[in-house]
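In what follows, a single structure is set out as structure tokens and then discussed.
Numbering starts at 1 and runs along the sequence shown.
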Amino acid sequence: MKIICIGRNYAAHAEELHHATGLAREGAEPIWFLKPDTALLRNNDPFYIPSFTEEVHYECELVVRICRVGRAISERFAHRYYEEVGLGIDFTARDLQRQAIAEGLPWERAKAFDHSAAVAPAFVPLAELGGDVQRLRFALEVNGQTRQRGDTAQMLFTVDRLIAAVSRYTTLRMGDLLFTGTPAGVGPVQPGDTLRATLEGRELLRFDIR
């Protein structure tokens, strides 16, 4: 399975990191990158800050699980390729990412390290949430304080447009996970922190930082 991550899909987040948004104009394509399966952090297991970074940031995201095989998927048929959604945390070694961007290098060291993709233990059928993937709200708390609030209506690229764009280059398979981008409010984690994420009021993630 693949972990496909979308970058800069919420304008306010792109602005807080001082990046151009690359607005989803006609013909524009999203920024995306891959994480290996060893990046998965499951079952609300604790996240251990790795020794090679001084600044790990949380990025809470809606995660869409692909339910069938497809490539070169038309945007109007993309809704057929997912039935369940969940939440995830894209952990980012921000200091390494800044260095890579400054040097024009890929982001893998900053994004694809072991356990950098925390995923909720359970996914929720989209039908239970109203059926519209572009009308979902989620939030992340750190130590009981809300740090991020997301509304999928504010995505620059819709989920269906993301699926169409990514599947133009790589085949999507059952079980692939699509991290759809993070809203504003990202920040660092420290040992002792507790992260809690909710989707439409349902708690899907709660785990500790060590």
Side-chain angles (χ1 to χ4, degrees), residues 1-11 13-14 17 19 21-22 24 28-42 47 57-94 96-97 100-101 105-124 126 133-134 136 138 140 148 150 152 154-183 186 197 199 204-205:
M1 54 84 65
K2 299 183 290 297
I3 305 169
I4 305 156
C5 299
I6 305 300
R8 306 175 193 172
N9 201 25
Y10 290 82
H13 170 60
L17 294 184
H19 297 310
T21 59
E29 293 199 1
I31 297 169
W32 57 280
F33 56 93
L34 300 176
K35 295 191 183 218
D37 58 2
T38 53
L40 282 175
L41 181 66
R42 301 177 184 269
F47 172 78
H57 281 201
Y58 57 79
E59 297 185 11
C60 186
E61 311 191 15
L62 182 82
V63 180
V64 174
R65 183 155 61 188
I66 301 300
C67 66
R68 60 193 295 185
V69 177
R71 68 180 299 272
I73 300 164
S74 170
E75 184 176 342
R76 66 192 178 108
F77 296 127
H79 66 279
R80 300 178 180 177
Y81 288 80
Y82 58 92
E83 297 173 342
E84 296 179 317
V85 296
L87 292 177
I89 308 292
D90 168 16
F91 284 110
T92 302
R94 192 71 72 201
L96 300 186
Q97 186 189 38
I101 291 172
L105 299 175
W107 298 355
E108 272 74 11
R109 284 192 306 155
K111 288 284 194 178
F113 55 89
D114 286 354
H115 301 151
S116 61
V119 178
F123 280 68
V124 181
L126 187 58
V133 75
Q134 299 304 149
L136 297 176
F138 58 98
L140 175 72
Q148 289 188 280
T152 59
Q154 297 175 352
M155 286 181 176
L156 298 176
F157 295 89
T158 65
V159 169
D160 290 353
R161 190 167 171 187
L162 293 174
I163 288 173
V166 173
S167 69
R168 180 183 178 191
Y169 299 96
T170 185
T171 299
L172 299 181
R173 300 182 183 275
M174 292 178 61
D176 285 352
L177 301 178
L178 177 63
F179 279 61
T180 58
T182 194
V186 302
L199 174 62
L204 297 188
L205 279 170

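Note that CG of L162 and CD1 of I6 are 4.5 Å apart. Values are rounded to the nearest 0.5 Å. Summarising the geometry, atom CZ belonging to R161 is positioned 13.0 Å from atom CE belonging to M155; distances are rounded to the nearest 0.5 Å. Distance CG/L62 to CG/L204: 9.5 Å, rounded to 0.5 Å. The line from CG of L126 to NE2 of H79 is 11.0 Å long, rounded to the nearest 0.5 Å. Of the inter-residue distances, the one linking I31 atom CD1 with R8 atom CZ reads 4.0 Å to the nearest 0.5 angstrom.
The side-chain heavy atoms of I3 and F179, taken from C-beta on, include a pair separated by under 4.5 Å. Y10 has its side chain out of reach of L156: every pair of non-hydrogen atoms, C-beta onward, lies at least 4.5 Å apart. In this structure, N9 and T182 have side chains that are not in contact, with every pair of non-hydrogen atoms separated by 4.5 Å or more. Residues V63 and L178 form no side-chain contact, since every pair of their non-hydrogen atoms from C-beta on lies 4.5 Å or further apart. Counting only heavy atoms from C-beta outward, the side chains of C60 and F138 approach each other to under 4.5 Å. Contact annotation: the side chain of V64 never approaches that of F123 to less than 4.5 Å [non-hydrogen atoms, C-beta and beyond]. When side chains are defined from C-beta on, T158 does not count as touching T152, because their heavy atoms never get closer than 4.5 Å.
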Point to revise | Y82 vs V133, side-chain contact (heavy atoms from CB on, under 4.5 Å): CA-CA, chis, key distance, verdict | key: CA-CA 10 Å; Y82 58 92; V133 75; 3.5 Å; yes

Check your understanding: Hey, mind stepping through I4 and L172 against side-chain contact (heavy atoms from CB on, under 4.5 Å) and telling me if it holds?
Key -> CA-CA 10 Å; I4 305 156; L172 299 181; 3.6 Å; yes

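Summarising the geometry of Y81 relative to V69, their closest heavy-atom pair is CE2-O, 3.4 Å, with the distance given to 0.1 Å.
For the salt bridge (Lys or Arg N to Asp or Glu O under 4.0 Å) condition, the pairs that include at least one residue of residues 70-86, sequence neighbours left out, are R65-E84.
Taking the six-membered ring wherever Trp is involved, the centroid distance between the rings of F91 and Y58 does not fall below 6.0 Å.
Applying the 6.0 Å contact sphere to CE of M1 captures more than 12 heavy atoms from other residues, nucleotides or ligands.
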Only distances under 3.5 Å count here; give the side-chain donor-acceptor pairs of residues 108-122 to other protein atoms, sequence neighbours excluded, each with its distance to 0.1 Å.
{"residue": "K111", "atom": "NZ", "partner": "E59", "partner atom": "OE1", "Å": "3.4"}
{"residue": "K111", "atom": "NZ", "partner": "E59", "partner atom": "OE2", "Å": "3.4"}
{"residue": "K111", "atom": "NZ", "partner": "D90", "partner atom": "OD2", "Å": "2.7"}
{"residue": "K111", "atom": "NZ", "partner": "T92", "partner atom": "OG1", "Å": "2.7"}
{"residue": "D114", "atom": "OD1", "partner": "T38", "partner atom": "OG1", "Å": "3.4"}
{"residue": "S116", "atom": "OG", "partner": "K35", "partner atom": "NZ", "Å": "3.1"}
{"residue": "S116", "atom": "OG", "partner": "K111", "partner atom": "O", "Å": "2.9"}
{"residue": "S116", "atom": "OG", "partner": "F113", "partner atom": "O", "Å": "2.7"}

Exercise answer: donor-acceptor pairs, residues 164-171 side-chain atoms, under 3.5 Å, sequence neighbours excluded:
{"residue": "S167", "atom": "OG", "partner": "I73", "partner atom": "N", "Å": "2.9"}
{"residue": "S167", "atom": "OG", "partner": "I163", "partner atom": "O", "Å": "2.9"}
{"residue": "S167", "atom": "OG", "partner": "A164", "partner atom": "O", "Å": "3.3"}
{"residue": "R168", "atom": "NH1", "partner": "E29", "partner atom": "OE2", "Å": "2.6"}
{"residue": "Y169", "atom": "OH", "partner": "E29", "partner atom": "OE1", "Å": "3.0"}
{"residue": "Y169", "atom": "OH", "partner": "E29", "partner atom": "OE2", "Å": "3.1"}

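Evaluated for a side chain to side chain contact (heavy atoms under 4.5 Å, CB included) with K2, the options D37, D176, I66, L177 yield exactly one hit, D176.
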